> 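Structure provided below as structure tokens; questions to follow.
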Amino acid sequence: MNKLSIRYYSQDIKHHQHNYHQLVLPLHGEIHITLNNDFKTTVSTGSCIIIEKNVVHAFTADEAARFIVADLDALPQNLIHLLCPKISIDSRLLSYLQFIEQQLLFVNDDKLTSSTFDLFYLLLCEQSSHSNIDKRIDNVITIVKQNLAYPYTLKELADIACLSVTQFKTVFKKSTTIGVF
């Protein structure tokens, strides 16, 4: 298995499962995913959803959105037993995904494709600093990304997370390792 591909989805809700792990990494747009009918999230550029093998997942996305999908025989050790199957990815992996997009679109060389996957996997093994984001903070980040031009107040962000301002600051800092305000 261990392969990378570019995928496009539609607004029709589809669901399935498979006997390998899959990572969905948005390049353009976002995808709405439900895992095992109980975990729902939106995944956009800069984040990744980890779908473990045999997990039933449903998804929908705008047809203009584009994603890198990694089908994996095994997950890297750092992505096993996460509290949340959605992680943020660092700028190095995000930049590399853009390179992968170009390779998959324009190059048909098995040796190069294999090497491209190997480097992807190595970068994936280094993803850890932003995993396990609290669901309330993840929701805030998703909403802010959808409208970056809006000047959110701290109170508005706390309200989105259903937290007091003090609680929001504490949970945000703990979840993202970024101090705010």
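What you see is a predicted model; the values in this text were computed from it and never measured.
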> So Y20 and H18, would you call those rings parallel, tilted or perpendicular, with 30° and 60° as cut-offs?
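Parallel.
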> Distance from I100 atom CD1 to L123 atom CG, nearest 0.5 Å?
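I100 atom CD1 to L123 atom CG measures 8.0 Å (nearest 0.5 Å).
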> Donor-acceptor check, side chain of N78 to backbone of L124, threshold 3.5 angstrom: yes or no?
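Answer holds: yes.
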> Before giving the answer on side-chain contact (heavy atoms from CB on, under 4.5 Å), spell out for Y150 and I143 the whole-Å C-alpha distance, their side-chain angles and the decisive distance to 0.1 Å.
CA-CA 10 Å; Y150 183 82; I143 289 170; over 6 Å; no
> Would you confirm whether S114, through its side chain, and D110, through its main-chain N or O, come within 3.5 Å as a donor-acceptor pair?
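Not a single qualifying donor-acceptor pair exists.
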> Can you find a pair of side-chain heavy atoms, one from Q77 and one from I80, that are under 4.5 Å apart?
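Result yes, sub-4.5 Å side-chain heavy-atom pair found.
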> Using modelled atom types only, decide if a donor and an acceptor are shared between the side chain of N36 and the backbone of D38 within a distance under 3.5 Å.
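Checking the backbone N and O of D38 against the side chain of N36, no donor-acceptor pair under 3.5 Å is found.
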> To the nearest 0.5 Å, what is the distance between OG1 on T60 and CD1 on I13?
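Taking OG1 in T60 and CD1 in I13, the distance rounds to 5.5 Å.
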> Less than 6.0 angstrom separating the ring centers of H15 and H57, yes or no?
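Between H57 and H15, which both carry aromatic rings, the centre distance is not below 6.0 Å.
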> For the residue pair F120 and L97, establish whether any side-chain heavy-atom pair is separated by less than 4.5 Å.
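Answer yes - side chains close enough.
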> Are any non-hydrogen side-chain atoms of Y152 and V140 less than 4.5 angstrom apart?
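A side-chain contact under 4.5 Å is absent here.
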> Rounded to the nearest 0.5 Å, how far does CG of D62 lie from OH of Y8?
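Going from the OH atom of Y8 to the CG atom of D62 covers 13.0 Å.
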> Just verifying a value: how many Å separate H81 NE2 and L75 CG, rounded to the nearest 0.5 Å?
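Atom-to-atom, H81:NE2 and L75:CG are 10.0 Å apart.
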> Tell me, do H28 and E101 make a side-chain contact under 4.5 Å, heavy atoms counted?
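Counting from C-beta outward, H28 and E101 do come under 4.5 Å.
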> Give, for atom CD1 of I68 and atom CG of L25, the distance between the pair rounded to the nearest 0.5 Å.
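These two atoms lie 7.5 Å from each other.
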> Please say yes or no: joined through hydrophobic side-chain contacts below 4.5 Å, possibly via intermediate residues, are M1 and L4 part of one cluster?
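They do not share one cluster, since no chain of ILVMFWY contacts under 4.5 Å joins M1 to L4.
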> Calculate, to the nearest 0.5 Å, the distance between atoms CG and SG belonging to L93 and C48 respectively.
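Rounded to the nearest 0.5 Å, the CG-SG separation comes to 8.0 Å.
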> Indicate the atoms forming the closest heavy-atom contact of E63 with S10, along with that distance.
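Where E63 meets S10 most closely, the heavy atoms are CG-CA, 3.7 Å.
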> Of all the heavy-atom pairs spanning F39 and C84, show the shortest one and how long it is.
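Smallest heavy-atom distance, with atoms named: CZ-SG, 3.7 Å.
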> Could you report the tightest heavy-atom contact between I50 and L35, atom names first, then the distance?
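That would be O-CD1, 4.2 Å.
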> Could you check whether any side-chain heavy atom of L79 comes within less than 4.5 Å of a side-chain heavy atom of L23, counting everything from C-beta outward?
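L79 vs L23: side chains touch.
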> Which pair of heavy atoms, one from A61 and one from F67, lies closest together, and at what distance?
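Scanning both residues completely, I find the closest heavy atoms to be CB-CZ, 3.9 Å.
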> Among the clusters formed by ILVMFWY side chains lying less than 4.5 Å apart, do L27 and Y96 turn up in the same one?
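Yes, because L27 and Y96 connect within a single hydrophobic cluster, where side-chain heavy atoms sit under 4.5 Å apart.
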> Would you say that more than 12 heavy atoms from the other residues, nucleotides or ligands in this model lie under 6.0 Å from the CG of D109, or not?
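Result for CG/D109: enclosed.
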> Any link between F117 and I6 through a network of hydrophobic side chains (Ile, Leu, Val, Met, Phe, Trp, Tyr) touching at under 4.5 Å?
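Yes, one cluster joins them.
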> Considering only heavy atoms from C-beta outward, does the side chain of N19 approach that of N54 to under 4.5 Å?
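Yes. Closest side-chain heavy atoms under 4.5 Å.
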> Does the side chain of Q103 come within less than 4.5 Å of T113's, by heavy atoms?
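In short, these two side chains do not touch, never coming nearer than 4.5 Å.
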> Indicate if V171 and I141 have the same hydrophobic cluster label, given that clusters are the connected sets of ILVMFWY residues with side-chain heavy-atom separations under 4.5 angstrom.
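The answer is yes; both residues are in one hydrophobic cluster.
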> Do L119 and L94 share a hydrophobic cluster, counting only Ile, Leu, Val, Met, Phe, Trp and Tyr and linking them when any side-chain heavy atoms are less than 4.5 Å apart?
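Yes; tracing contacts between hydrophobic side chains, which count when under 4.5 Å, links both residues.
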> Please walk me through it: do T116 and L104 pass side-chain contact (heavy atoms from CB on, under 4.5 Å)?
CA-CA 10 Å; T116 301; L104 292 173; over 6 Å; no
> Closest approach of S47 and P26, non-hydrogen atoms and distance?
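Closest approach of S47 to P26, heavy atoms only: O-CD, 3.3 Å.
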> Angle class for the F59/H16 ring planes (parallel below 30°, perpendicular above 60°, tilted otherwise)?
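Rings of F59 and H16: perpendicular, over 60°.
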> Please lay out, stage by stage, how V43 and V24 fare under the test side-chain contact (heavy atoms from CB on, under 4.5 Å).
CA-CA 8 Å; V43 186; V24 179; 5.7 Å; no
> How close do G29 and A65 get, counting heavy atoms only, and between which atoms?
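It is CA-CB, 4.0 Å.
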> Quick check: does any side chain N or O of K53 sit under 3.5 Å from a backbone N or O of L72, one acting as donor and the other as acceptor?
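No.
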> Would you check if F168 and I137 make a side-chain contact, meaning some heavy-atom pair closer than 4.5 Å?
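With C-beta onward as the side chain, the pair touches.
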